[in-house]
Amino acid sequence: MLPYVGRFAPSPSGPLHFGSLVCALVSFLHARQANGQWLLRIEDVDTTRVKADADQIILSQLISHGMHWDGDVIYQTNRQNEYQKTVDRLHKQQLIYACSCTRQAVKSKGKYYTGTCRDLHLPFKDNALRLINTSDDYGFHDLHLGDVFVEPLFCSEDLSIQRKDGLFAYNLAVVVDDIEQQVSHVVRGADLIDTTLQQQHIYRLLYEKPPRYFHLPVVCLESGKKLSKQNHAIAIENRRAVKNLIDAFAVIGLSNHSLSEKMTVEDLINWALKRWSPNLLAKRREILLLDINTV
Ligand code: GLU
């Protein structure tokens, strides 16, 4: 068996909110219970969405909530050469082509990209780059949710791997980083299920074995509306770390009635490490905040 290497990979588009705290917590508990490593990667590949200091705030939020990572924090902005090398390699394999379609142009033709530019041999300069997708996989086995299926048309889209402005795409960066960091388990929100198929496709083209995936339910305000930076979910406050953890425990299925706000963060984390199990977590893609019995 390979050693367990897990990771938490927040995008620094804002501080952690309650939903991302729950995600960090499950990924942390899952790794530590397996005596695994828990790495931290700041996913700042899309520099246009980065908020100043958000990375430092995230680091302090994790520490204040008792989640200490292993090794150095990796920043995607320091890994541009690695992404470029992978693009070059895929290009040599003749798997990449240039695409001039704007998002709007794609939308106007339907929901999914259908390979409009695949045979046009457009110049790479000033165009986005896409990866030819020959995969006919549209499902995978999730460690938590079991067999999961994704819209086949979405799974067979030629993936954008570099934007016209030169920024590397999230899917490419995540795969390159997870390979390099030898991540064995990806524990993340169920809102990323669809991207899993796309990422697995990149693994295949790079002749690498994908990690195991565990998707946890996303904390939502109402069905389909996840707590997110986009809908201005409030940042968790470090001075309320004990209360935040007790509330997060309720979300992940740990009964929190015996807990008191007089406990320390370390006590709470140790308590959870002894008791939590993935079986306690709802096997759903969403958990509504309203349904949670927080104290
Ligand atoms: N950076 C992504 C996010 O904050 C998570 C990516 C991942 O866990 O694979 O939503």
Side-chain angles (χ1 to χ4, degrees), residues 2-13 23-24 27 31 36-56 58-59 62 69-99 123-135 140 157-189 192 194-214:
L2 286 175
Y4 186 117
V5 182
R7 51 50 159 196
F8 180 55
S11 305
S13 49
C23 190
S27 130
Q37 292 188 64
W38 191 63
L39 310 179
L40 178 60
R41 184 166 77 228
I42 298 292
E43 297 210 316
D44 54 357
V45 68
D46 184 352
T47 47
T48 61
R49 291 182 52 221
V50 170
K51 291 267 173 344
D53 298 333
D55 61 326
Q56 292 308 318
I58 292 172
L59 266 51
L62 290 173
W69 56 89
D70 295 304
D72 294 334
V73 182
I74 301 290
Y75 282 76
Q76 290 183 322
T77 38
N78 293 335
R79 297 188 34 78
Q80 304 298 305
N81 287 344
E82 306 309 315
Y83 308 146
Q84 187 59 55
K85 273 190 217 154
T86 305
V87 169
D88 293 345
R89 175 175 160 189
L90 292 165
H91 185 204
K92 270 203 196 114
Q93 291 172 244
Q94 301 192 327
L95 291 168
I96 290 181
Y97 64 89
C99 171
F124 277 27
K125 196 171 175 316
D126 295 330
N127 279 316
L129 299 184
R130 286 190 184 266
L131 185 61
I132 292 177
N133 191 344
T134 50
S135 162
F140 68 96
E157 261 188 343
D158 287 345
L159 304 180
S160 168
I161 55 165
Q162 190 166 15
R163 288 170 20 174
K164 181 182 166 179
D165 59 11
L167 289 181
F168 294 100
Y170 154 75
N171 277 324
L172 179 88
V174 167
V175 171
V176 173
D177 294 343
D178 282 339
I179 291 172
E180 166 120 358
Q181 295 188 280
Q182 297 182 12
V183 169
S184 65
H185 288 71
V186 168
V187 178
R188 61 184 178 191
L192 291 168
D194 289 5
T195 64
T196 302
L197 265 299
Q198 299 180 317
Q199 289 166 20
Q200 285 183 332
H201 179 58
I202 303 179
Y203 275 96
R204 255 190 308 275
L205 297 178
L206 295 174
Y207 303 102
E208 296 280 350
K209 189 171 175 280
R212 319 261 338 247
Y213 295 91
F214 180 115

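All heavy atoms count here, side chains included; hydrogens, waters and symmetry mates do not.
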How close do [X] and [Y] get, heavy atom to heavy atom, and via which atoms?
X: Ala98; Y: Asn127; result: CB-CB, 3.9 Å
X: Trp38; Y: Ala24; result: CZ2-O, 3.7 Å
X: Asp178; Y: Arg41; result: OD1-NH1, 2.8 Å
X: Leu40; Y: Pro10; result: CD1-CD, 3.8 Å
X: Tyr213; Y: Pro211; result: CE1-O, 3.3 Å
X: Ala169; Y: Ser160; result: CB-O, 3.2 Å

Check whether any side-chain heavy atom of [X] sits under 4.5 Å from a side-chain heavy atom of [Y], and report yes or no.
X: Phe168; Y: Val176; value: no
X: His201; Y: Thr134; value: yes
X: Asp177; Y: Tyr83; value: yes
X: Val174; Y: Glu43; value: yes
X: Arg7; Y: Trp69; value: no
X: Gln199; Y: Leu192; value: no
X: Ser13; Y: Val50; value: no
X: Ile202; Y: Asn171; value: yes

- Does atom CZ of Arg212 have more than 12 heavy-atom neighbours from other groups under 6.0 Å away?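 No, not enclosed.
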Asp165, CG: over 12 other non-hydrogen atoms inside 6.0 angstrom:
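Counting other residues, nucleotides and ligands, CG of Asp165 exceeds 12 neighbours.
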Between [atom1] of [X] and [atom2] of [Y], what distance do you get to the nearest 0.5 Å?
X: Arg204; Y: Gln200; atom1: CZ; atom2: CD; value: 6.5 Å
X: Ile161; Y: Thr86; atom1: CD1; atom2: OG1; value: 9.0 Å
X: Leu129; Y: Leu159; atom1: CG; atom2: CG; value: 12.0 Å
X: Ile179; Y: Lys209; atom1: CD1; atom2: NZ; value: 12.5 Å
X: Gln76; Y: Asp46; atom1: CD; atom2: CG; value: 10.0 Å
X: Gln80; Y: Leu167; atom1: CD; atom2: CG; value: 7.5 Å

What verdict does the side chain to side chain contact (heavy atoms under 4.5 Å, CB included) test give for Ile74 and Leu39, after you've listed the backbone C-alpha separation in whole Å, the side-chain angles of each residue and the deciding distance to 0.1 Å?
CA-CA 9 Å; Ile74 301 290; Leu39 310 179; over 6 Å; no
Do Thr196 and Arg188 pass the side chain to side chain donor-acceptor pair (under 3.5 Å) test, and can you show the C-alpha distance, the side-chain angles, and the key distance before you say yes or no? CA-CA 10 Å; Thr196 302; Arg188 61 184 178 191; 2.8 Å; yes
Take Leu59 and Ile42 through the side chain to side chain contact (heavy atoms under 4.5 Å, CB included) test and state the conclusion after the steps. CA-CA 9 Å; Leu59 266 51; Ile42 298 292; 4.0 Å; yes
| task | Consider only side-chain N and O atoms of Arg49 and Ser11, and report whether a donor and an acceptor are under 3.5 Å apart. | result |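 Ser11 and Arg49 do not have a side-chain donor-acceptor pair below 3.5 Å.
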Exercise. Okay, side chain of Arg130, backbone of Asp158: is any donor-acceptor separation there less than 3.5 Å?
Worked result: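 The answer is yes, because a donor-acceptor pair under 3.5 Å joins these two groups.
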- Query: Taking the six-membered ring for Trp, are His185 and Tyr4 parallel (under 30°), tilted (30 to 60°) or perpendicular (over 60°)?
  - Reply: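 The arrangement is parallel - the two ring planes meet at less than 30°.
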